[in-house]
Student: 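Okay, here's the structure, questions in a sec.
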Amino acid sequence: MDLSLIIMQLLSGIALGAVLVITALGLTIVFGMLGVVNFAHGALFMIGAYAGLYLASLTGSFWWGLLLAPILIGAFGMLIEFVLIRRLYGRSIDDPLLLTFGLSYILVEGVRIVFGSDGIPFPTPPQLVGVLDLGIGFFPRYRLFVIALVAVVLLALWLTLEKTRVGLIVRAGARDPTIMQVLGVDIGRVWLAIFGLGVGLAALGGVLAGPMRSVNPEMGSLVLAEAFVVTVIGGLGSIVGAVVAGLMVGISISLVALFAPEMATIVMFALMAVVLLIRPEGLFGVRGRAA
């Protein structure tokens, strides 16, 4: 088989993995810092795609949709945290899981009522239409943009969490919220911001995925399963794990699709099973949290 074809398929896997990384990252941040399993994450991914499409058509620019949709859906996520999730802190982990599970159905049905069940094409921005000659083959410009943008977002997020006072407060609040309250930090605002960030990342993933697939009410279901697989493989609550596992899953799906297309949809579950058999807490998880 031609080496250039394998390399192009590898790049396709990285582009797919980039969307999985940014989506799973939101799920990981919320669980790692709030202990909340957000089962509405896939539905919020889908709403982000619809919001990006609507704002792009309203403004006539994909870039406004890409910028504003994550902000608006992130603010909606903060409303969800303030009105619903906050009341369940300190209770069983099943309570927010069941609440967000029900919320996901409400969101999906609401979108189906408003926009219908049929898929809607999300046009690729004119500046990114076509392919780029990489010397060894041609690759879609838009997918290269997705890879580059996700890399920039990951770098900005790492710098914020590791190198700023805000990041220090967030990390300390995740480890010991009681001490942070004693020191005068409004931990409620910290949790509100974290949940909004997680939802905003899901929305960003939805907007980025839109031009690569049609936008429809069911698009969040598969993404939710993929995001959970990535989160479990990487380790619950591990940001580094979400990045590594997302790329692993994306590349695995892409390469298996080249050699055995019928196996492409199940390879990520096989990968998860192997990882869990060897390391139950995930690649970068903390021992004792897997239970």
Side-chain angles (χ1 to χ4, degrees), residues 18-30 33-34 36 38-86 99-100 102-116 119-125 128 142 145-146 149-150 152-154 156-157 160 166 170 188-221 223-224 227:
V19 175
L20 291 179
V21 165
I22 207 69
T23 306
L25 199 59
L27 194 67
T28 295
I29 287 173
V30 169
M33 298 185 177
L34 302 184
V36 172
N38 182 13
F39 232 90
H41 201 71
L44 293 164
F45 170 95
M46 175 269 297
I47 288 179
Y50 271 98
L53 177 60
Y54 175 76
L55 290 168
S57 62
L58 185 67
T59 61
S61 171
F62 167 82
W63 307 107
W64 281 114
L66 180 64
L67 175 65
L68 295 178
I71 295 174
L72 294 176
I73 304 305
F76 177 59
M78 294 171 75
L79 180 65
I80 292 173
E81 192 277 343
F82 184 77
V83 176
L84 300 175
I85 305 296
R86 182 166 299 192
L99 185 147
T100 54
L103 179 63
S104 68
Y105 274 94
I106 294 173
L107 295 175
V108 170
E109 291 302 320
V111 168
R112 186 179 285 115
I113 291 171
V114 174
F115 295 99
I120 305 175
F122 196 138
T124 303
L128 299 175
Y142 181 76
F145 163 75
V146 169
L149 180 62
V150 169
V152 170
V153 171
L154 291 176
L157 185 62
T160 300
V166 173
V170 168
R189 289 186 179 182
V190 175
W191 288 339
L192 184 69
I194 290 171
F195 198 87
L197 174 62
V199 171
L201 289 173
L204 176 60
V207 179
L208 291 176
M212 294 193 290
R213 62 182 76 177
S214 65
V215 178
N216 63 82
E218 304 300 329
M219 67 184 294
S221 301
V223 168
L224 178 65

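In this text the structure is predicted, and so the values were computed from the model without any measurement. Values below: all heavy atoms of this structure, side chains included; hydrogens, waters and symmetry mates excluded.
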Student: So, taking the atom named CG in L154 and the one named CG in L149, what distance separates them when rounded to the nearest 0.5 Å?
Tutor: 9.5 Å
Student: Scan residues 70-83 for pairs that pass side chain to side chain donor-acceptor pair (under 3.5 Å), counting only residues two or more places apart or in two chains.
Tutor: E81-R86, E81-Y89
Student: So, for L208 and F145, which heavy atoms are closest and what is the spacing to 0.1 Å?
Tutor: CD2-CE2, 4.2 Å
Student: Say you draw a straight line from CZ of F45 to CG of L224; how long is it, rounded to the nearest 0.5 Å?
Tutor: 10.5 Å
Student: Has T100 got a side-chain atom pairing as donor or acceptor with N38's backbone, closer than 3.5 angstrom?
Tutor: no
Student: Measuring only between side-chain heavy atoms, which start at C-beta, is L204 closer than 4.5 Å to V153?
Tutor: yes
Student: Would you say the side chain of H41 lies within less than 4.5 Å of the side chain of T23, judging by non-hydrogen atoms?
Tutor: yes
Student: Please identify each residue that fulfils ring-ring contact (aromatic ring centres under 6.0 Å, His included) with F115, with sequence neighbours left out.
Tutor: Y50
Student: Mind checking ring-ring contact (aromatic ring centres under 6.0 Å, His included) for F122 and listing every partner two or more places apart, or none if nothing turns up?
Tutor: F62
Student: Given L201, which of I29, I73, V21, V30 fulfils the side-chain contact (heavy atoms from CB on, under 4.5 Å) condition?
Tutor: I29
Student: What is the minimum heavy-atom distance between Y142 and V207, and which atoms define it?
Tutor: OH-O, 3.9 Å
Student: Between I120 and L53, does the side-chain contact (heavy atoms from CB on, under 4.5 Å) criterion hold? Intermediate values first, please.
Tutor: CA-CA 9 Å; I120 305 175; L53 177 60; 3.5 Å; yes
Student: CG of L197 to OG1 of T160: how many Å apart, nearest 0.5 Å?
Tutor: 9.0 Å
Student: Write down the atom of L55, the atom of A69, and the distance for their closest heavy-atom approach.
Tutor: CD1-N, 3.7 Å
Student: Measure the spacing between CH2 of W63 and CG of L66 and express it to the nearest 0.5 Å.
Tutor: 7.0 Å
Student: Could you tell me which non-hydrogen atom of P217 sits nearest to which non-hydrogen atom of V111, and how far apart they are?
Tutor: CG-CG1, 4.2 Å
Student: What is the minimum heavy-atom distance between L67 and P70, and which atoms define it?
Tutor: O-CD, 3.6 Å
Student: When rounded to the nearest 0.5 angstrom, what is the spacing between CG in L103 and CG in L44?
Tutor: 7.0 Å
Student: Tell me which one of I85, I194, L27 satisfies side-chain contact (heavy atoms from CB on, under 4.5 Å) with V36.
Tutor: I85
Student: Would you name the heavy atoms of A43 and V108 that are closest together and state the gap between them?
Tutor: CB-CG2, 4.2 Å
Student: Quick check: do L192 and F82 have side-chain heavy atoms less than 4.5 Å from each other?
Tutor: yes
Student: Let me confirm one number: the CG-CZ distance from L107 to F76, rounded to the nearest 0.5 Å.
Tutor: 5.0 Å
